Every structure is written in structure tokens, then in C-alpha cells.
Chemist: 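Got a structure for you, written out below as C-alpha cells; questions coming shortly.
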Amino acid sequence: MSTLVIPAPQQASIPTADGNLFPVRRVYCIGRNFADHAIEMGHDPDREAPFFFQKNPDNLDPSGEFPYPTKSANVHHEVELLIALHSGGTSIAVEDALTHVWGYGVALDMTRRDLQGEAKKTGRPWEIGKAVERSGPIGPVHAVAQVGHPAEGRITVSVNGEVRQDGDLNQMIWKVPEMISYLSEYFELQAGDVILGGTPAGVGAVVKGDTMVASIDGLGEITVNVI
């Protein structure tokens, strides 16, 4: 009988609003899903085919602290809707997609923008800019039974009391059912998968000592200190 040759890594998980834990399998992040953010990043806001990159499951961090990462002098905040799946499959129809959602939460996609920019110029993957340790500060996941499926609602982030990003979930180019359906054409989605739904305009740099407050209507807010 085979045995593990090293101790198994701890299962990545994130807290739920009822005091339990949601186990995380994969983290998919959609790029440029708000037209105003696409424009500020120098891209055409027309509805193009969606694209995704990944963070690591243990990048999601509920601690309320974000350690400023090494090898970067330009780290940006991006507030996002977190979508947590309790089931999945392949070729999921748009009209069936929401039946796979367990709940929703508030997340930040912290980005080493300078390293991401270098990767873009050379046609390389984005993980060096995106999949940074503790680069996904998150709040608790709220079950659909409690919050429903938020299709609209204010989504904001402030830094040291100054509002930087201020949008609405109804501005998402690709809606939650469409994201799930599209991903399922390319990957077999499973329970424990998490999707980050993109960010509105206003992304900007933070420095050590800053305090970020991210919020989404109906899902509360999270306070994250840059250390």
C-alpha cells in the first residue's frame, strides 16, 4: 500500500459567514471584466471573449493583513466579487450555472503591477504578478440561502479613507452565469472552485502602512492593513 512520502499540505480553506470553512480547490480570476477598468489599462472595452488567469488556493487570506511583496515597487489593489462553487462539471449551460454556486464574498486581487507589466510585454504568464503569497485578502463567504445571487450592488475600495474604486456589479461585462459556463468549456469545474469576478476602474498603488477597506453591498466589508 502506497503512503505519502512527505506530510500532506494543509487543505486551503476560507471562512464562511456562519463560522465554518469552505475548502478551496482552484482559484480562477477573470481579466478586464469591467469596461472602465479595461479602458484605464489601455484596452478596448468592447465585449471580447473572456480570459482567465489563476491564483493559488493558499493565496486567499482572511487575516486582515497584506504583507507587501518582494521584488516590486508598484503593488495595486483590485476589489472583486468572490464566487464559491459547491459543484461543477463541464459544458455547463448558462441557465444552469447559478445552481453550482454555494455563496459570495468580498475579495482583493493584489497585484505586483510592475512585474505583471513586464510579463505582458514579453508574452509571459501573469502568475509572477498575481499569484503572490497572501495576495487574495478575503472576507467570509455568505451562503446563497442568505444573500441570494447579487447581480447588482455597489463595489468599492478605499485607501486610508479615500475612495479609489467605486463601481456596481451590474457593470460586469461577463455576468456570473456566463463566467461559470465559459470556464466549464475549458476546465472541469468542481466543488471548492473559486472565481474572482473582475474589478472596476480606479486601481492604484498601496504602500506599507496603508489601510484598505473593500466592500460590496449585501456582503459587508473587509479591512486590510498593508504591512
Side-chain angles (χ1 to χ4, degrees), residues 14 16-17 22 24-41 43 45 47-57 59-62 76-86 88 92 94 97-111 126 130-131 135-144 147-157 164-187 189 192-203 212 214-222 224:
I14 53 180
T16 61
F22 181 91
V24 180
R25 174 177 174 266
R26 294 179 181 172
V27 182
Y28 299 97
C29 309
I30 190 170
R32 299 197 292 265
N33 199 29
F34 283 71
D36 54 0
H37 176 57
I39 292 169
E40 75 174 348
M41 298 302 289
H43 298 279
R47 184 177 160 109
E48 59 181 349
F51 70 94
F52 293 83
F53 57 92
Q54 291 191 27
K55 283 183 177 286
N56 299 313
N59 291 159
L60 302 183
D61 179 23
H76 282 204
H77 56 76
E78 299 187 9
V79 60
E80 313 216 358
L81 174 69
L82 181 150
I83 304 124
L85 305 186
H86 67 78
I92 297 170
V94 170
L98 291 182
T99 65
H100 298 281
V101 178
W102 188 89
Y104 299 90
V106 180
L108 286 163
D109 170 19
M110 303 303 297
T111 303
W126 288 9
K130 290 288 191 177
S135 61
I138 51 93
V141 184
H142 300 261
V144 168
V147 298
H149 295 285
E152 60 183 8
R154 192 181 183 198
I155 175 171
T156 70
V157 67
R164 294 268 192 91
Q165 294 181 263
D166 193 351
D168 195 288
L169 295 179
N170 63 19
Q171 297 167 336
M172 290 194 296
I173 298 169
W174 294 89
K175 311 304 184 186
V176 172
E178 294 172 316
M179 285 188 271
I180 294 169
S181 178
Y182 186 89
L183 272 170
S184 75
E185 296 291 334
Y186 294 88
F187 302 95
L189 299 179
D193 286 346
V194 166
I195 302 169
L196 300 187
T199 197
V203 299
M212 302 176 288
S215 67
I216 298 176
D217 282 354
L219 300 176
E221 67 179 30
I222 59 172
V224 181

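Note that this is a predicted model, so its numbers are computed, not measured.
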Chemist: Just verifying a value: how many Å separate Tyr28 OH and Leu85 CG, rounded to the nearest 0.5 Å?
Modeler: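 Atom-to-atom, Tyr28:OH and Leu85:CG are 9.0 Å apart.
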Chemist: Kindly indicate, with the supporting measurements, whether the criterion side chain to side chain contact (heavy atoms under 4.5 Å, CB included) is fulfilled by Glu80 and Leu108.
Modeler: CA-CA 6 Å; Glu80 313 216 358; Leu108 286 163; over 6 Å; no
Chemist: Determine yes or no for a side-chain-to-main-chain donor-acceptor pair under 3.5 angstrom, with Thr199 supplying the side chain and Val79 the backbone.
Modeler: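 Yes; judged by distance alone, with no hydrogens or angles, the pair exists.
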Chemist: Quick one: CZ on Arg164 to NE2 on His77, what's the gap to the nearest 0.5 Å?
Modeler: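 One gets 4.0 Å once the value is rounded to the nearest 0.5 Å.
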Chemist: Taking His142 for the side chain and Leu219 for the main chain, is one N or O donor matched with an acceptor at less than 3.5 Å?
Modeler: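 At least one qualifying donor-acceptor pair exists.
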Chemist: Within this structure, what is the CE-CG distance for the pair Met172 and Leu81, rounded to the nearest 0.5 Å?
Modeler: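 So the CE of Met172 and the CG of Leu81 are separated by 5.5 Å.
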Chemist: Taking atom types as modelled, find out whether Lys130 and Ser135 have a side-chain donor-acceptor pair closer than 3.5 angstrom.
Modeler: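 No - no donor-acceptor pair under 3.5 Å links their side chains.
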Chemist: Any donor-acceptor pair under 3.5 Å linking the side chain of Asp217 with the backbone of Arg154?
Modeler: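 It does hold such a pair.
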Chemist: Would you please classify the geometry between the Phe53 ring and the Trp126 ring as parallel, tilted or perpendicular, with 30° and 60° separating the classes?
Modeler: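 Taking Phe53 first and then Trp126, their aromatic rings sit tilted (interplane angle of 30° to 60°).
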Chemist: Might you point out which heavy atoms bring Thr99 and His86 nearest each other, and give the distance in Å?
Modeler: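 Scanning both residues, the minimum pair turns out to be O-NE2, 2.8 Å.
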Chemist: With side chain to side chain contact (heavy atoms under 4.5 Å, CB included) as the test, would you mind laying out the steps for Val144 and His149 before giving the verdict?
Modeler: CA-CA 6 Å; Val144 168; His149 295 285; 3.5 Å; yes
Chemist: Provide the closest heavy-atom pair for Gly198 versus Asn33 in the form atom of the first, atom of the second, distance.
Modeler: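 Closest pair (atom of Gly198, atom of Asn33, distance): CA-CB, 4.1 Å.
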Chemist: If I compare all heavy atoms of Thr16 with all of Pro140, which pair ends up nearest, and what's the gap?
Modeler: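 Looking at all heavy atoms of both residues, the closest pair is C-CB, 3.8 Å.
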Chemist: Any donor and acceptor pair, going by atom type alone, linking the side chain of Asp168 with main-chain N or O of Gly153 inside 3.5 Å?
Modeler: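 Looks like yes, one N/O pair under 3.5 Å.
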Chemist: Given the rule in the side chain to side chain contact (heavy atoms under 4.5 Å, CB included) test, do Ile138 and Asp61 qualify, once you have shown the distances and angles that lead to the verdict?
Modeler: CA-CA 6 Å; Ile138 51 93; Asp61 179 23; 5.7 Å; no
Chemist: Taking all non-hydrogen atoms of both residues into account, name the closest pair between Ile92 and Gly88 and its distance.
Modeler: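 The answer is CD1-C, 3.9 Å.
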Chemist: For Val141 and Ala84, which heavy atoms make the closest approach, and how far apart are they?
Modeler: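 Scanning both residues completely, I find the closest heavy atoms to be CG1-CB, 4.0 Å.
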Chemist: Listed by chain and number, what are the salt bridge (Lys or Arg N to Asp or Glu O under 4.0 Å) partners of Asp193, not counting sequence neighbours?
Modeler: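 Asp193 satisfies salt bridge (Lys or Arg N to Asp or Glu O under 4.0 Å) with Arg25 once adjacent residues are dropped.
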Chemist: Verify, without hydrogens or angle tests, whether Gln165 (side chain) and Pro200 (backbone) share a donor-acceptor contact under 3.5 angstrom.
Modeler: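 Pair found, side chain donor or acceptor close to backbone of Pro200.
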Chemist: Determine whether Trp174 and Ile30 satisfy the following criterion, side chain to side chain contact (heavy atoms under 4.5 Å, CB included), listing intermediate values before the conclusion.
Modeler: CA-CA 9 Å; Trp174 294 89; Ile30 190 170; 4.1 Å; yes
Chemist: For the backbone of Tyr182 and the side chain of Glu185, can you confirm whether one donor and one acceptor N or O come within less than 3.5 Å of each other?
Modeler: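 No; zero donor-acceptor contacts below 3.5 Å.
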Chemist: What I'd like to find out is whether the side chain of Leu82 reaches to under 4.5 Å of the side chain of Val194, using heavy atoms alone.
Modeler: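 Answer yes - side chains close enough.
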Chemist: Measure centre to centre between the rings of Phe52 and Phe187, then say whether the value is under 6.0 Å.
Modeler: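 Aromatic pair excluded; centres sit 6.0 Å or further apart.
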Chemist: Just wondering, do Ile180 and Ile195 contact through their side chains at under 4.5 Å, heavy atoms?
Modeler: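 A side-chain contact under 4.5 Å exists here.
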Chemist: Restricting to non-hydrogen atoms, name the atom on Tyr104 and the atom on Leu98 that form the minimum distance, rounded to 0.1 Å.
Modeler: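 The answer is OH-CD2, 3.7 Å.
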Chemist: What distance do Ile155 atom CD1 and Leu169 atom CG have between them, rounded to the nearest 0.5 Å?
Modeler: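 Taking CD1 in Ile155 and CG in Leu169, the distance rounds to 5.5 Å.
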Chemist: I need the Thr111 OG1 to Glu78 CD distance, nearest 0.5 Å.
Modeler: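 Nearest 0.5 Å value for the OG1-CD distance: 4.0 Å.
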Chemist: Using a 4.5 Å cut-off on heavy atoms from C-beta on, say whether the side chain of Met110 contacts that of Asn59.
Modeler: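 They are not in side-chain contact.
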Chemist: CG of Leu196 to CE of Met179: how many Å apart, nearest 0.5 Å?
Modeler: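 Answer for the CG-CE pair, Leu196 versus Met179, is 9.5 Å.
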